[in-house]
Number of protein chains: 2
Amino acid sequence: MLSEPETEIFDSVKEIFSNYLGEHGHRKTPERFAILSEVYSSEGHFDIESLYVQMKEKNYRVSRATLYNTIELLLDCKLVTKHQFGKNIAHFERSYKYAQHDHLICQDCGKVYEFCDPRIQNIKNTVEGLLNFKVTNHSLNLYGTCKDCHSKQESTNQPIN
Amino acid sequence: MLSEPETEIFDSVKEIFSNYLGEHGHRKTPERFAILSEVYSSEGHFDIESLYVQMKEKNYRVSRATLYNTIELLLDCKLVTKHQFGKNIAHFERSYKYAQHDHLICQDCGKVYEFCDPRIQNIKNTVEGLLNFKVTNHSLNLYGTCKDCHSKQESTNQPIN
DNA sequence: TTCACTGCAAACGCTTTGCATATGG
DNA sequence: CCATATGCAAAGCGTTTGCAGTGAA
């Protein structure tokens with residue numbers, strides 16, 4: 001069962017998506033809203049394949065093609081953001097009412113952490129002025145070893161992965 | 001013909017690579033040095049396919065498998081860095097005596113610009129302390145519209161790409 | 001001599017595309 | 001109605017792997 005704020009959020013994103021589809025002449029199909037719902041049913045990162053499996057397990061009849069297509073729409077209306085964490089696989093994340101943040105990727109266990117630092121905004125502003133470049137978005141990933149893997153390495157020296 | 005500083009640089013990286021191979025029990029094959037030479041023959045970004053084509057055009061007998069294998073070694077000994085600019089294709093860049101920098105990617109024309117900002121180091125330091133995470137490297141990409149495309153859009157509103 | 005390295009081609013995994021069918025407007 | 005969206009399967013494309021032959025040590 002969804003908690004109150006979650007329902008509230010879902011109502012909002014549904015409306016945003018609905019408006020977006022209307023304004024851009026896209027059809028409001030049940031599949032698109034089912035995918036939006038699935039994306040907003042949990043908080044973490046996901047990739048297309050896991051979303052596909054997740055929906056199949058719930059007996060949704062959905063195809064990968066539609067997932068890719070719909071994610072593209074969700075990216076366009078800013079309800080989802082896309083990340084590449086160094087591998088050739090796209091990761092996605094719901095972004096409505098989710099504070100702007102960046103990522104720490106542990107190269108031993110693959111876990112992804114989040115952090116915020118206002119100084120990134122200063123960097124963007126400086127670069128915009130300096131190079132006359134209009135910055136629309138950014139991606140900052142820090143790679144290294146998280147505290148869990150750091151302590152494990154001290155005893156076993158075995159990467160987990 | 002190579003200019004003086006270029007030759008100097010190539011002598012240095014050849015030695016670094018040679019030492020690295022020796023210390024790690026890897027063989028010093030002519031292919032590996034040919035690839036290193038090719039990588040250090042120009043300054044910009046490249047991907048595996050263009051490196052392959054470039055070497056084929058010079059009548060090197062080289063395979064993609066060896067390119068991937070050798071790039072892995074060059075990454076390991078820090079003579080090359082790897083980037084993902086939002087697409088599912090890896091970009092590489094020689095990194096010896098090349099100042100640490102980050103990238104601006106124009107989403108209209110695909111051009112990649114470079115910039116430096118010392119504040120990124122401060123962010124890394126803060127996050128390391130805050131989350132007890134050992135940061136080994138980072139990737140900061142700013143996406144947007146470069147000045148060339150910005151002015152072109154004003155007249156034609158046509159993305160180039 | 002030996003075994004890591006090579007080239008080649010096939011396999012792999014994520015993503016895109018083609019096409020017949022279904023359906024929102 | 002019919003243009004857009006869908007599911008499915010095949011194709012694309014960057015990357016990885018398997019294997020027989022090669023050559024560095």
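None of these values were measured; they are calculated from a predicted model.
Rounded to an integer number of Å, the gap from NZ of A:Lys87 to P of D:dG14 is 19 Å. With rounding to whole Å, B:Lys56 atom NZ is found 12 Å from C:dT6 atom C1'. Rounded to whole Å, the distance from CE on A:Met55 to P on D:dT6 is 11 Å. B:His24 places its NE2 atom 16 Å from the P atom of C:dA4, with the value rounded to the nearest Å. Atom pair B:Leu67:CG and D:dG14:C1' shows a separation of 13 Å (rounding to whole Å applied). D:dG23 atom P lies 15 Å from atom CZ of B:Arg32, rounded to whole Å. When rounded to the nearest whole Å, the span between CG of A:Asn69 and P of C:dT17 equals 11 Å.
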| Annotated protein contacts, base or backbone, on nucleotides 19-25 of chain C with a non-hydrogen cut-off under 4.0 Å, one of B, S, - each | ----BBS
| field | Step-by-step side-chain hydrogen bond (donor to acceptor under 3.5 Å, both in side chains) determination, B:Asn141 to B:His83 | value | CA-CA 9 Å; B:Asn141 297 325; B:His83 306 290; 5.6 Å; no
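The minimum heavy-atom distance linking B:Cys146 with B:Cys106 is given by the pair N-SG, 3.4 Å. In terms of heavy atoms, A:Ile123 sits closest to B:Leu140 at CG2-CD2, 4.5 Å.
Grouping the Ile, Leu, Val, Met, Phe, Trp and Tyr side chains by contacts below 4.5 angstrom, directly or via other members, places A:Tyr68 with A:Ile35.
When each of B:Arg94, B:Arg32, B:Lys58, B:Lys56 is paired with B:Glu38, the salt bridge (charged side-chain N to carboxylate O under 4.0 Å, His left out) condition holds for B:Lys58 and for no other.
Residue A:Thr66 places at least one side-chain N or O under 4.0 Å from the OP1 or OP2 atom of D:dG7.
Between B:Tyr98 and B:His101, the angle of the ring planes goes over 60°, which puts this pair in the perpendicular group of the 30/60° scheme. Ring geometry, A:His91 versus A:Phe85: the interplanar angle falls from 30° to 60°, so the pair is classed tilted.
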Table of protein N/O atoms under 3.5 Å from nucleotides 12-16 of chain C N/O atoms:
from, atom 1, to, atom 2, distance (Å)
C:dT15, OP1, A:Ala90, N, 3.2
C:dT15, OP2, A:Tyr68, OH, 2.5
C:dT15, O5', A:Tyr68, OH, 3.1

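Between the side chains of A:Ser50 and A:Asp47, at least one donor N or O sits under 3.5 Å from an acceptor N or O.
Between B:Arg61 and B:Glu31 there is no salt bridge, since no side-chain N of the basic residue sits under 4.0 Å from a carboxylate O of the acidic one.
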